[in-house]
Amino acid sequence: MEPSAWAVAFAALCIVALAPPASGFYLPGVAPNDFEKKDPLPVKVNKLTSIKTQLPYSYYSLPFCKPDTIVDSAENLGEVLRGDRIENSPYTFEMREPQMCQVVCKISVGEKEAKLLKEKIEDEYRVNMILDNLPLVVPIQRVDQEGAYFYQHGFHVGAKGKYSGSKDEKYFIHNHLSFTVKYHRDEQRDVSRIVAFEVKPYSVKHEYEGQWNDKKTRLTTCDPHAQRIITSSESPQEVEVGKDIIFTYDVDFKESDIKWASRWDSYLLMTDDQIHWFSIVNSLMIVLFLSGMVAMIMLRTLYRDISKYNQLETQEEAQEETGWKLVHGDVFRPPSNSDWLCVYVGTGVQFFGMLLVTMVFAVLGFLSPSNRGGLMTAMLLLWVFMGLLAGYSSSRLYKLFKGSEWKNIALRTAFTFPGSVFAIFFFLNALIWGQKSSGAVPFTTMFALVLLWFGISVPLVFVGSFLGFKKPTIEDPVKTNKIPRQIPEQAWYMNPIFSILIGGILPFGAVFIELFFILTSIWLHQFYYIFGFLFLVFLILIVTCAEISIVLCYFQLCSEDYLWWWRSYLTSGSSALYLFLYATFYFFTKLEITKFVSAVMYFGYMLIASYAFFALTGTIGFYACFLFTRLIYSSVKIE
């Protein structure tokens, strides 16, 4: 492909890939809610989260005000795995009816309550709430742009501070919430749709006159009748044993020009798109460099070699041949441990299918951020159903290697990767459960996961294996000699370990900038919805893995080393090692995790991610070399 053609193709891809997130594109079937004036607006509460511990807790694990009966919202599989626990709350608004200084309740603080609150304030836990499926955010003024805001998920439980003239650090709770609900109004029907849900938290030591009379108590620190409102935390509420904490809130309603379909745009606003473009350009440079090398190999060297080789007439000339042509009788000899290669290729195909379909759906807007847990649920279900492709590809390769026990391969494909991941996941879940965190997956969900695995995935792998094994064997373009050829001594730079480690650098280099944003969204609880960029990076990753494997495979065959099967898989697959090393670097430079359990959880999940990345990139590299070797050896006449 000419450079100009590459440019046109990528420009078209950019337009397609980047259009959906920029516009208010919504998941079909997500209908807006219309509210009339004075309609009730129930606020729901979600988990408490912390970027310091990564362990979520349910809202009511802290001594907050409770409704008469706590009702759990129905949750999908992805939400449960994320640790979401959505429940009702005592906060109820009325549409377009501002309220000032509403008393929620009074809590007496005992030793247990004080200890819990102080722990959560120390670990910088945030409270998450939901109104009309929109998460609660705290708008924070940007330093670099006047009038621009970025949004923090949820508000902090409290803060640490010192009284003036004192050296002792105290813990203060945010007990007064000043909510702002923004709505878009339909003038003709006089109905409103909620487009934003914001809060400013304050810590206020409330005082009241006379006897405590629940919600009817008249406060002296905050009085709607006297227009005394709270705008600062000048006299904060300290967390002390034996003291009472009074929880209050204001709610204000503001009309907005933002339409309902675009209400997520401000949440997902991408302020650093230049970095993403830099990432794409950086990756494209790698791709163009590798494409140039592959083009040189294919057009000049191979074309010349094949032409010359096909014109050889005498035996003397035939003996002078060098390089990759010499090993034609051994290049398709089955490798050692060929069974495991089939298993890992099948696993990689399963991952590739899952990611490709997920990316396409995400780019087309089918995985809306309003559908919490939708991405994880979709990926899990797609992984299960892609078992069919895993079984098919592993048994096809197994039959090429003259294997006969296809059931054995199907069994290993169905259990090797999922089994090891499930073991790590089960261990991590036990640790999280020991911390009494809501992030621990309940037994019923664990049972559902096992059911998906054994009930759907395993049978589909066997069906795929059966269909793959029934197909005729893939014919090798050249015959394999009975006696293996001796491999000459290799140069130091062709050492398997060295070339494998070098091969992983470029695929990792193509994705590492985007990887930073993905890690930030997962571990620093930020929105990630730039699937257009991610899809482009995924395509670049595929091309890079394929090209680096082909280049190194060609060099290997030229030095008369025909053991390319495993090497082609490990060359691009070694990028997973760099992924894990980068995750380690990210842990020590960007995260503030101090708890041992949280650190184990981080490295456990990143190990699973790296293992999956190894299977994906390794398979791409393997198939690229598989097609490359068949292409070059089928072009040569072998007497």
Side-chain angles (χ1 to χ4, degrees), residues 47-57 76-85 123 153 347-348 350-351 354-355 358 372-384 416-442 445-446 448-450 452-453 508 511-512 514-528 534 573 575-617:
K47 61 190 175 184
L48 305 170
T49 54
S50 164
I51 57 173
K52 284 183 81 172
T53 70
Q54 302 294 338
L55 294 167
Y57 287 88
N76 61 41
L77 186 60
E79 283 179 304
V80 175
L81 291 174
R82 279 162 34 118
D84 284 354
R85 297 293 178 268
D123 289 332
H153 269 232
T347 302
Q350 191 171 3
F351 255 108
M354 176 197 77
L355 281 174
T358 306
R372 261 179 309 279
L375 180 65
M376 194 173 281
T377 308
M379 287 176 79
L380 263 172
L381 292 176
L382 281 168
W383 162 264
V384 165
T416 301
F417 182 84
S420 48
V421 167
F422 191 79
I424 297 169
F425 179 69
F426 192 84
F427 170 72
L428 294 176
N429 198 58
L431 284 180
I432 298 165
W433 182 77
Q435 297 291 309
K436 297 182 173 59
S437 166
S438 69
V441 175
T445 309
M446 198 72 89
L449 289 174
V450 172
L452 279 173
W453 179 17
F508 171 74
V511 299
F512 90 98
E514 208 58 39
L515 184 66
F516 169 81
F517 291 100
I518 294 168
L519 290 177
T520 301
S521 73
I522 295 169
W523 300 107
L524 297 181
H525 305 159
Q526 293 178 13
F527 281 111
Y528 185 90
L534 191 60
S575 54
L577 173 66
Y578 297 104
L579 175 79
F580 191 76
L581 290 173
Y582 181 73
T584 307
F585 168 78
Y586 185 87
F587 178 84
F588 289 109
T589 57
K590 298 293 177 188
L591 300 182
E592 297 174 18
I593 291 174
T594 49
K595 287 194 173 183
F596 174 72
V597 171
S598 306
V600 171
M601 188 176 81
Y602 175 85
F603 284 107
Y605 284 132
M606 290 317 299
L607 184 65
I608 291 173
S610 302
Y611 189 17
F613 195 69
F614 167 71
L616 172 73
T617 51

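What's counted below: heavy atoms across the whole structure, side chains too, no hydrogens, waters or symmetry copies. Residue numbers run from 1 in the order of the sequence given.
- Going from atom CG of Asp123 over to atom CG of Leu48 covers 11.5 Å, rounded to the nearest 0.5 Å.
- A distance-only check finds no donor-acceptor pair linking the side chain of Ser610 to the backbone of Leu579 [under 3.5 Å].
- Distance check, rounded to the nearest 0.5 Å: CG of Leu382 to CG of Leu355 gives 9.5 Å.
- Although no hydrogens or angles enter the test, the distance criterion places no donor-acceptor pair under 3.5 Å between the side chain of Thr49 and the main chain of Pro56.
- Between atom OH of residue Tyr57 and atom CD of residue Gln435 there is a gap of 5.0 Å, rounded to the nearest 0.5 Å.
- Met606 pairs with exactly one of Tyr582, Phe587, Trp523 by the side chain to side chain contact (heavy atoms under 4.5 Å, CB included) rule, that one being Trp523.
- Annotation: salt bridge (charged side-chain N to carboxylate O under 4.0 Å, His left out) contacts of Asp84 (sequence neighbours excluded): Lys47, Arg82.
- Aromatic ring orientation, Tyr611 versus Phe614: parallel (interplanar angle below 30°, classes split at 30° and 60°).
- The two residues Ser575 and Thr617 come nearest to each other via the heavy atoms OG-OG1, 3.5 Å.
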Taking only distance into account, with no hydrogens and no angle test, what donor-acceptor pairs under 3.5 Å do side-chain atoms of residues 596-605 form with protein atoms, sequence neighbours excluded?
residue : atom : partner : partner atom : Å
Ser598  : OG   : Thr53   : O            : 2.3
Tyr602  : OH   : Ala583  : O            : 2.6

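- Ring orientation note: the planes of Phe417 and Trp383 are tilted relative to one another, at an angle of 30° to 60°.
- Taking 4.5 Å as the limit, some side-chain heavy atom of Met446 sits within range of a side-chain heavy atom of Phe422.
- No donor-acceptor distance shorter than 3.5 angstrom exists from the side chain of Glu592 to the backbone of Ile51, with no hydrogens or angles considered.
- Asn429 approaches Val441 most closely through the heavy-atom pair OD1-N, 2.6 Å.
- Between the NZ atom in Lys595 and the CD atom in Gln54 there is a gap of 12.0 Å [rounded to 0.5 Å].
- For the atom pair Phe517 CZ and Ile522 CD1, the distance stands at 14.0 Å (nearest 0.5 Å).
- Checking Thr520 against Tyr586 by side-chain atom types alone, a donor-acceptor pair falls below 3.5 Å.
- The backbone N or O of Val511 sits nowhere less than 3.5 Å from a side-chain atom of Glu514 that would complete a donor-acceptor pair.
- A pairwise comparison of heavy atoms in Arg85 and Ala440 identifies NH2-O, 3.4 Å as the closest pair.
- Note that the CG atom of Leu519 and the OG atom of Ser521 stand 8.0 Å from one another [nearest 0.5 Å].
- The environment of Phe580 atom CZ is dense: over 12 non-hydrogen atoms of other residues, nucleotides or ligands sit within 6.0 angstrom.
- In this structure the side chain of Leu81 reaches within 4.5 angstrom of the side chain of Leu380, judged on heavy atoms.
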